[in-house]
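These numbers come from the heavy atoms of this one structure, side chains and all, not from hydrogens, waters or symmetry mates. If you're wondering where the values come from, they're calculated on a predicted model, not measured in any experiment. Within every chain, numbering begins at 1; the chains are lettered A, B, ... in the order of the sequence lines, protein sequences first and strands thereafter.
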Amino acid sequence: MTDQQSSPLSAPADMAAARQRFDDFGLSPEILRALRDQGYEYPTPIQAQAIPVVLQGRDVMGAAQTGTGKTAGFSLPIIQRLMAHANTSASPARHPVRALILTPTRELADQVAENVKAYSRHTGLRATVVFGGVDMAPQVAALRSGVEIVIATPGRLLDHVAQKSINLSQTQILVMDEADRMLDMGFLPDLQRIINLLPRQRQNLMFSATFSPEIKKLAASFLSNPQTIEVARSNATSDNVTQILYEVKEDEKRDAIAFILRERGLKQVIVFTNTKIGASRLSVHLVKQGVKAAAIHGDKSQSERMTALEDFKRGAVEVLVATDVAARGLDISEMPCVINYDLPFNAEDYVHRIGRTGRAGAKGDAISLCTPQDDKALADIEKLTGRKIVRLQLAGFVPASAVPYRERERENRYEQRSERSEHPRSRGSYGGSREKVDPWFLRPYTPNTAPAGARTEKQASANASSAPKPQKRAALLGGLRKMPTAG
DNA sequence: AAAAAAC
């Protein structure tokens with residue numbers, strides 16, 4: 001809950017009487033103080049609905065997109081309920097985990113934890129976050145010292161369960177955030193195992209952006225007599241977001257992105273790709289063009305992921321090239337624009353991706369590149385969002401392939417020389433065949449009017465590059481996480 | 001077809 005919160009002083013006087021305030025919920029002075037610290041006074045619609053219901057101890061099935069203030073909607077009343085039954089013993093053993101919040105991605109867990117810590121800072125309650133890809137020891141130490149609230153991704157949580165560094169036998173409240181995403185990611189067995197470790201008598205809160213049959217089934221099996229909370233029609237795109245669609249050729253996409261970034265002078269933008277390798281490649285390409293870009297995806301080490309996100313938030317990185325790891329949940333304020341380098345495979349992912357902009361009533365642009373192959377994806381998106389998206393030509397855009405080779409060679413001379421030592425042929429690993437050379441840094445000039453045969457050859461070379469040698473792929477992806485550790 | 005998540 002940061003950017004979606006309206007300014008405390010912005011409510012017109014004539015509205016103030018009708019408008020609910022956080023003071024109206026009977027939250028403790030310590031919680032209200034934390035809210036004041038952050039300058040929050042008025043609840044968002046989801047908060048106004050969720051807080052009283054959660055305070056009553058009821059189960060909740062909430063349909064809410066990120067950016068609606070959902071996190072505060074469940075964490076404020078949870079903190080209140082835990083305070084109401086405070087445990088004053090100094091012994092860590094007397095501080096069993098009392099509330100567990102599960103999220104699908106590590107970044108989301110981290111972000112939720114930051115919010116929970118902020119809201120509980122004056123209460124004496126302690127919260128910690130637990131996720132994979134980082135050293136376990138500090139997490140074990142935090143858990144041992146005694147925490148009432150744990151925010152976790154499922155895999156690492158079960159890891160802690162296995163080595164007995166966490167005890168869930170006293171956990172009275174369970175939150176499943178982004179439940180639809182967790183199902184998509186195959187977390188159902190893990191969720192089942194975790195739930196089996198909890199007391200039967202507990203409060204369950206489930207949040208999901210969509211209400212698929214699978215989600216309803218999950219709700220039916222895990223929730224008891226839940227109150228349904230819905231703030232906006234699900235699958236709807238925000239009216240604040242202007243959707244723009246440019247039709248380009250596949251091999252023109254990189255140039256088109258660079259062109260769009262330059263033309264619009266974009267300083268805070270996420271570019272989504274469908275693949276991890278695609279994210280890495282595009283970010284390397286943009287950096288070569290002088291763009292402050294970084295990639296974030298699941299094959300990056302956790303420290304690289306965190307660095308990229310922090311650098312992006314503080315402005316050192318202006319273009320975050322991301323896979324769908326960043327499509328949901330991430331709360332980055334003031335994002336005026338989101339770009340789809342690839343149209344996503346699932347229409348729902350499109351909604352989540354463009355939901356990263358146009359938050360808190362601000363205007364935003366969602367720019368997508370599409371190729372003629374994307375007809376089906378586009379039709380699915382238009383069906384889901386109930387809107388027609390007009391295809392436009394990217395005015396003024398000249399792809400690099402349209403610039404005569406000799407001219408490009410002159411422009412790129414320095415770059416090409418510096419790359420030459422990395423040339424696969426110089427290492428003999430690719431043999432001498434020109435078709436197998438990665439066209440990334442040696443792009444043969446192909447006239448736009450090339451005959452069909454030449455086009456096929458170009459495609460073959462593009463295909464070869466989409467399956468680089470494992471070593472090169474690993475270097476690109478920066479997959480520290482995948483490196484074997486001792487033993 | 002892809003991505004994410006434990007070691």
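Atom CZ in A:Arg193 sits roughly 12 Å away from atom P in B:dA6 (whole-Å rounding). Separating the CD atom of A:Glu348 from the C1' atom of B:dA3 is a distance of 15 Å, rounded to the nearest angstrom. Atom CG of A:Asp184 is separated from atom C1' of B:dA5 by 13 Å (rounded to the nearest Å). Per the geometry, CZ belonging to A:Phe187 stands 6 Å off C1' belonging to B:dA4, to the nearest Å. Per the geometry, CG belonging to A:Leu183 stands 16 Å off P belonging to B:dA5, to the nearest Å. Remark: C1' of B:dA5 and CD of A:Gln139 are 14 Å apart, rounded to the nearest angstrom. Nucleotide B:dA4 holds its C1' atom 10 Å from the CD atom of A:Glu107, rounded to whole Å. Taking atom CG of residue A:Asp324 and atom P of nucleotide B:dA5, one finds them 12 Å apart after rounding to whole Å.
In the set B:dA2, B:dA6, B:dA4, B:dA2 carries the atom at the smallest distance from any side-chain atom of A:Phe345. For A:Thr105, the listed nucleotide lying nearest its side chain is B:dA4; candidates were B:dA2, B:dA4, B:dA6. Considering only the side chain of A:Thr323, B:dA4 comes nearest among B:dA6, B:dA2, B:dA4. Between B:dA6, B:dA4, B:dA2, one nucleotide has an atom nearer to the side chain of A:Asn346 than all others, and that is B:dA2.
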Quick one: side chains of residues 128-143 of chain A, donor-acceptor pairs under 3.5 Å with protein atoms, not counting sequence neighbours, listed by atom name and distance.
unit_1, atom_1, unit_2, atom_2, d
A:Asp135, OD1, A:Ala137, N, 3.3
A:Gln139, OE1, A:Arg156, NH1, 3.1
A:Gln139, OE1, A:His160, NE2, 2.8
A:Gln139, NE2, A:Phe131, O, 2.9

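Among the heavy atoms of the strands lying under 4.0 Å from A:Asn274 are primed sugar atoms or P, OP1, OP2 only; no base atom is included.
Put simply, A:Arg181 has no side-chain N or O that comes within less than 4.0 Å of OP1 or OP2 on B:dA5. Remark: A:Arg305 is not in phosphate contact with B:dA3, judged by side-chain N or O atoms under 4.0 Å from OP1 or OP2. Taking 4.0 angstrom as the limit, A:Thr275 places none of its side-chain polar atoms (N or O) nearer than this to OP1 or OP2 of B:dA1.
Electrostatic pairing of A:Arg98 and A:Glu148 does not count as a salt bridge here, judged by no charged N lying under 4.0 Å from a carboxylate O.
For A:Gln163, the CD atom sits in a packed shell: over 12 heavy atoms of surrounding residues, nucleotides or ligands are nearer than 6.0 Å.
The ring-ring contact (aromatic ring centres under 6.0 Å, His included) test applied to A:Phe312 returns no partner, not counting sequence neighbours.
A:Phe74 has its ring centre less than 6.0 Å from the ring centre of A:Phe207.
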